[in-house]
K.L.:
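The structure follows.
The chains referred to below are lettered A, B, ... by the order of the sequence lines, with proteins before strands, and numbering in each begins at 1.
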Amino acid sequence: MKKPLVSIASVAALALVFVSGAVAQTQKTVKHHIVFELNEPEGAAWDSLVKHVNNVRKALAADGGSQVEVVFWGPGLNMLLKKNTAYEERLKQLIDDGVTLSACQNAMHVMNVKSEDLFPFATQVDSGIAQIVRRQETGWSYIH
Amino acid sequence: MKKPLVSIASVAALALVFVSGAVAQTQKTVKHHIVFELNEPEGAAWDSLVKHVNNVRKALAADGGSQVEVVFWGPGLNMLLKKNTAYEERLKQLIDDGVTLSACQNAMHVMNVKSEDLFPFATQVDSGIAQIVRRQETGWSYIH
Amino acid sequence: MKKPLVSIASVAALALVFVSGAVAQTQKTVKHHIVFELNEPEGAAWDSLVKHVNNVRKALAADGGSQVEVVFWGPGLNMLLKKNTAYEERLKQLIDDGVTLSACQNAMHVMNVKSEDLFPFATQVDSGIAQIVRRQETGWSYIH
């Protein structure tokens, strides 16, 4: 009877070591968490957004790194539309760098935007504002 | 001598149970706390505000609920003026839903707005910005 | 052997008293911490900024006081240019009141602004957004 118990204990111990390692690694690789919002129509704000995300990630790279999510809501949702090819490369690059680009489903509903109208790399959230609230609640910094 | 002590202990124990229950209930009924600010003159921002507050409250209703305060300062104060009848019903509905609508007294002073000029359901705060600061200090999320 | 040990202990105890006193004093003199951002070009936002910082500091003066930093980035950097004499007195007054005025070095680079182009009382930070993030991470309230 003892042998199975020991085995289970060993597996549990290994699992703990594995989990601790994963947590330690996550904490080590990403120190800063930032949620941006984009709720402005096409114009200077769109160009600035990409620049700002890149700049802040660069500034924090040597200080623990950063995890960034951009929430697109209101008229800002348009930036994630597939037909918006002028920004596709820059947005795709953000994704490749680990940035999350979240589309507000409330805005999608109001503007009659379907999932297939969005760039395939976009994430969807029920409510852009609720998402920003949830991020702040877990310690993320907010940049308007 | 022992009896009073026991009684006091019992009362204390009951009080603890009562307080714990109250805290648990508060945490259960309202999980999220959000302070919005409105500091823009009449226009699209006014319509959006009402919509955004309603949307975020709806999105969080099934996830613990939310307590919302909107701070009106700068040119945004005008939205709380009694003569602004076009928005009265929508603002009154927010109040009925438990939302707090706070007028900045600094803005009132600058714009020569008296208490009787405001909708009777408006709350007043000494400084709109100070109020937003105090809310963030106690863990509220901030939405510009 | 005991005498040196006792002396070390005494020094350590004194150091602790000194540190505790300093911490207590800091906590007593400044209760609130606020980071403002200014990223708008010349116009109403510039006048409002000075007014808002003064108003919130006044409102919180009787409630533990406040430490304020304003981060100037994007087109807002121009407000800190030495040639911008129209605002020099008001900005200098903020400095005299203990407010920190921080110029974003990313914006300086993009706009080809040198250190000698800035008012001498301006502080420089590597990235305006990273600075706002760091402030929020240490409990400062954020005002857009």
Side-chain angles (χ1 to χ4, degrees), chain B residues 32-46 48-49 52-53 56 67-80 100 102-113 115 123-144, chain C residues 26-41 43-71 73-74 76 90 94 97-100 128-129 131-144:
Chain B
H32 307 279
H33 299 79
I34 312 163
V35 59
F36 280 82
E37 70 182 338
L38 183 79
N39 57 358
E40 293 186 62
E42 187 162 5
W46 289 19
S48 298
L49 173 78
H52 296 155
V53 171
V56 76
Q67 184 179 358
V68 173
E69 176 170 351
V70 185
V71 175
F72 298 78
W73 61 283
L77 176 68
N78 284 322
M79 195 173 177
L80 290 183
T100 302
S102 300
C104 170
Q105 290 180 332
N106 279 331
M108 289 175 66
H109 181 72
V110 170
M111 298 162 67
N112 197 27
V113 168
S115 294
T123 300
Q124 291 180 32
V125 294
D126 59 344
S127 150
I129 299 179
Q131 182 72 0
I132 295 167
V133 168
R134 289 186 202 108
R135 290 311 192 190
Q136 289 187 62
E137 285 172 352
T138 54
W140 289 48
S141 296
Y142 164 56
I143 298 290
H144 170 75
Chain C
T26 301
Q27 289 177 337
K28 190 183 169 190
T29 47
V30 184
K31 178 179 170 184
H32 308 278
H33 299 80
I34 312 163
V35 59
F36 279 82
E37 69 182 338
L38 183 80
N39 58 359
E40 294 185 63
W46 288 21
D47 295 310
S48 297
L49 174 77
V50 176
K51 198 174 62 183
H52 296 156
V53 171
N54 286 328
N55 279 347
V56 76
R57 282 179 46 78
K58 196 173 162 189
L60 297 172
D63 179 31
S66 60
Q67 184 180 357
V68 173
E69 176 170 351
V70 185
V71 176
W73 62 283
R90 280 173 280 180
L94 289 178
D97 292 341
V99 174
T100 301
I129 299 179
Q131 182 72 0
I132 295 167
V133 168
R134 289 185 203 109
R135 290 311 192 191
Q136 289 187 62
E137 285 173 351
T138 54
W140 289 48
S141 296
Y142 164 56
I143 298 290
H144 171 74

K.L.:
Of all the residues in residues 133-144 of chain B, which have a heavy atom that comes within less than 4.5 Å of a heavy atom in chain C?
P.N.:
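Checking residues 133-144 of chain B against chain C gives B:Val133, B:Arg134, B:Gln136, B:Glu137, B:Tyr142, B:His144.
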
K.L.:
Out of B:Asp126, B:Asn39, B:Asn106, return the one with the most heavy atom pairs under 4.5 angstrom to chain C.
P.N.:
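It is B:Asn106.
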
K.L.:
Please list, chain by chain and in numerical order, all residues satisfying side chain to side chain contact (heavy atoms under 4.5 Å, CB included) with B:Ser115, sequence neighbours excluded.
P.N.:
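B:Ser115 satisfies side chain to side chain contact (heavy atoms under 4.5 Å, CB included) with B:Met108, B:Gln124 once adjacent residues are dropped.
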
K.L.:
Under the rule for side chain to side chain contact (heavy atoms under 4.5 Å, CB included), what residues qualify as partners of C:Glu40, not counting sequence neighbours?
P.N.:
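So C:Glu40 forms a side chain to side chain contact (heavy atoms under 4.5 Å, CB included) with C:Ala45.
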
K.L.:
Which residues in residues 53-61 of chain C have any heavy atom closer than 4.5 Å to a heavy atom of chain B?
P.N.:
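Within residues 53-61 of chain C, the residues under 4.5 Å from chain B are C:Asn55, C:Val56, C:Ala59, C:Leu60.
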
K.L.:
Counting only heavy atoms closer than 4.5 Å, note whether B:Glu37 contacts chain C via side chain, backbone, both or neither.
P.N.:
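The answer is the side chain of B:Glu37.
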
